[in-house]
A.B. asks: 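Provided herewith is a single structure, encoded as structure tokens, for subsequent inquiry.
Order of appearance sets the numbers: ligands from 1, and atoms from 1 within every ligand. Nothing fancy with the numbering, it's 1 onward along the sequence.
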Amino acid sequence: MLKYQAPQQDMEFLLFDLFQVNREWAEAPAFADLDADLARAVLSEAGKLASAVMAPVNQEGDRVGCRWSDGVVEAPAAFKPAYRQLAEGGWLGLSGSPAHGGQGMPKLLGCLVEEMFWGANTGLYLYGTLSVGAAICIEAHGSDAQKRLYLPKLYSGEWSAAMDLTEPQAGTDLGLLRTRAAPADDGTYRISGSKIFITSGEHDLSQNIVHLVIARVEGAPKGTGGISLFIVPKFIPDENGLPGVRNGVASGAIEHKMGVGGSATNLMNYEDAVGYRVGEENAGLACMFTMMNHERLAVGLQGLGAGELAYQQAAEYAKERLQGRAPGGPQNPDAEADPLLVHPDVRRMLLTIRAYTEGGRAFAMLVGRSLDRAKHSGDPYSQALADLLTPIAKAYLSDRGFESAVLAQQVFGGHGYIKEWGMEQIVRDVRIAPIYEGANGVQALDLIGRKVLRDGGGALRRFVAEMAADEVPKEYGEPLRSAFDRLLGVTDWLVAKAPEDPNLPGAASTDYLELAGLTIYAWLWARMAAAAPDDAFGQAKRRTARFFFQKLLPKAEALTSSIRAGAGAVMDMPEQAF
Ligand SMILES: Cc1cc2nc3c(=O)[nH]c(=O)nc-3n(C[C@H](O)[C@H](O)[C@H](O)COP(=O)(O)OP(=O)(O)OC[C@H]3O[C@@H](n4cnc5c(N)ncnc54)[C@H](O)[C@@H]3O)c2cc1C
């Protein structure tokens, strides 16, 4: 059975030793009531929920899956009590606005809690993450009445949410959408059309479902400049804010998928459904991006949670499974064989997962801290930094999560391929993370195009200068300086060359995102090595840092030469040769 234990010690190390949140929180009026004891208690309670309530129904949710019958969708029965505890514990409102029933905790702390929930049960937490994202979107762009009506219900989990963007002909290119919105006399709209792949679009875990739907108002311009955003509730709230009459939105089917079997992925049909506009007409995509940016970080955390879950199983297995002898002679002479852990290649796999997972956890918290600073201090650089880091968080964390899951499955040998052990489920479940919420190739384009080339590399340069100003242990000083120089050098090269070749950014983008991820992780690993305590935990941290610098960071050189090779090798092949 898949077992999950929240990595509380590592999380506390990152909070208090690496990020030194005590100082930061003490200076922020929004976090006046928060201290180390409360943060520890939050982590501990979330960890209990994750390991004792969510994780035990992970494999059953996958096995049973969801059922569709005449528009009604049943989530796995075992999810119901677990969802109720997730909701009733107030976990979906952890970082939500206190003015509307949220708990106002920092996002940096929220990232840790979210990682636990993803790691414990991805299929189940998919019903929660969209409520958090929808609440953030309504809080940023909704009217006061919409905030009063929807936020408390979403934070409490009584109502859940869905994000309705994708249509058969409009995936990455949302400008192609055809769902229509006709203005009604009372200021509402009537929504008609269909969407596909809508996570939690219909299910039986919550009283009501708040769909955030993008559609084109009649006569609006084509493309992304003609998209508006609407709240389309499954049940129209009555005058007391309770679910009233059924709206014209229904599930036409659910998808049969490779993974996340417990999560209902719906084809949604809208027939003159009542929609309430959020934000201005034709400005809907920008509003939707508030939710999408939340979900992008969340999907990165999904990858991270999967990496941690996979590591825990594989490390345990490698200690118990006896096969072969250590290259230097028997380590376990009383038995017929040594444990897998004696083999250098098995250690390579485990340490790779560990370096990416612990580095990724620190990286996700960095994004969370930038979001907190942007929200509470209004500092534009913090927002620019969060914007720069978000596509990296989505893509790098989810790619490394998938890589980690496959490595951990490999540690199990043939048993990793057999359902009973659960490793194949982790691989199937996390495979979606690099695909949805903007495929990772598109994240890489966002990073290179919008976040780097558009400002001539300005925000990136400032961030690198900040990283380079930090003290790090002597052994990492030189490799880290080279890593920064490499990233800055290749960025300058791209800024200079991109205007001459329109294919260059796209040909370089995935390598560039990976290079940025590796470089930032290297800085975080050097800082973690510096902050690590003088005990067994700290020693393991420093050894993992050394593994990262010696075994993983060298990939940066290969990525740099691939970027500098330009677009020719990618674009010269004629179409008919494919
Ligand atoms: C299980 C699941 C759950 C989902 N949940 C939701 C949900 O809740 N709400 C929702 O709205 N959608 C949801 N989706 C849809 C998902 O977000 C899309 O599938 C995804 O964004 C990609 O769109 P697409 O499938 O149409 O692929 P396409 O857009 O056809 O892309 C195919 C490939 O081409 C690449 N590509 C496309 N355009 C470009 C470009 N301009 N430059 C470079 N490369 C490009 C992409 O990176 C991708 O690898 C879900 C999908 C799945 C499978």
Side-chain angles (χ1 to χ4, degrees), residues 61-62 65-66 73 122-134 137 160-179 193-203 209-215 223-224 227 229-230 232 249 251 253-268 270 284-285 288-289 291-296 298-299 302 391 394-395 398-399 402 428-450 502-513 567 570-571 578:
D62 176 66
C66 297
V73 177
T122 296
L124 173 61
Y125 190 56
L126 274 165
Y127 292 98
T129 184
L130 290 156
S131 302
V132 181
C137 180
S160 63
M163 181 173 74
D164 304 21
L165 314 178
T166 306
E167 298 181 14
Q169 78 297 341
T172 301
D173 190 353
L174 292 171
L176 299 174
L177 72 79
R178 293 188 191 139
T179 300
S194 293
K195 302 269 178 190
I196 58 168
F197 297 163
I198 304 307
T199 301
S200 316
E202 178 59 36
H203 59 86
I209 300 174
V210 181
H211 293 267
L212 286 184
V213 182
I214 53 171
T224 51
I227 293 177
L229 175 62
F230 302 90
V232 179
V249 51
S251 171
I254 54 172
E255 303 291 347
H256 302 282
K257 313 186 294 287
M258 172 180 175
V260 288
S263 160
T265 310
N266 293 261
L267 161 72
M268 298 306 304
Y270 315 87
L285 200 57
M288 198 76 235
F289 258 101
M291 179 167 185
M292 283 155 77
N293 281 332
H294 162 83
E295 298 304 343
R296 286 177 176 181
V299 171
Q302 175 186 347
K394 163 32 171 97
S398 63
D399 278 342
F402 179 66
R428 287 188 289 106
D429 283 355
V430 72
R431 182 63 188 94
I432 187 60
I435 296 175
Y436 62 8
E437 203 36 68
N440 282 2
V442 175
Q443 302 300 323
L445 279 180
D446 178 45
L447 173 69
I448 205 166
R450 289 204 201 93
N503 287 314
L504 178 60
S509 51
T510 291
D511 288 337
Y512 184 80
L513 186 144
V570 174
M571 299 311 295
F578 278 94

A.B. asks: Return the set of residues passing salt bridge (charged side-chain N to carboxylate O under 4.0 Å, His left out) with R178 (not counting sequence neighbours), or none when no residue passes.
C.D. replies: none
A.B. asks: Is the closest basic N to carboxylate O distance between R428 and D62 below 4.0 Å?
C.D. replies: yes
A.B. asks: List the protein residues in contact with ligand 1, where contact means a heavy-atom separation under 4.0 angstrom.
C.D. replies: M163, L165, T166, G171, T172, F197, I198, T199, K257, T265, I432, I435, Y436, E437, G438, A439, V442, L445
A.B. asks: Taking atom types as modelled and ignoring hydrogens, do the side chains of E167 and S194 form a donor-acceptor contact shorter than 3.5 angstrom?
C.D. replies: no
A.B. asks: Hey, what do you get for CZ (R450) to CG (L445), rounding to the nearest 0.5 Å?
C.D. replies: 9.0 Å
A.B. asks: Identify, with sequence neighbours excluded, every residue that meets ring-ring contact (aromatic ring centres under 6.0 Å, His included) alongside H211.
C.D. replies: none
A.B. asks: Please name all residues satisfying side chain to side chain contact (heavy atoms under 4.5 Å, CB included) with D399, sequence neighbours left out, ordered by chain then number.
C.D. replies: P434, N440
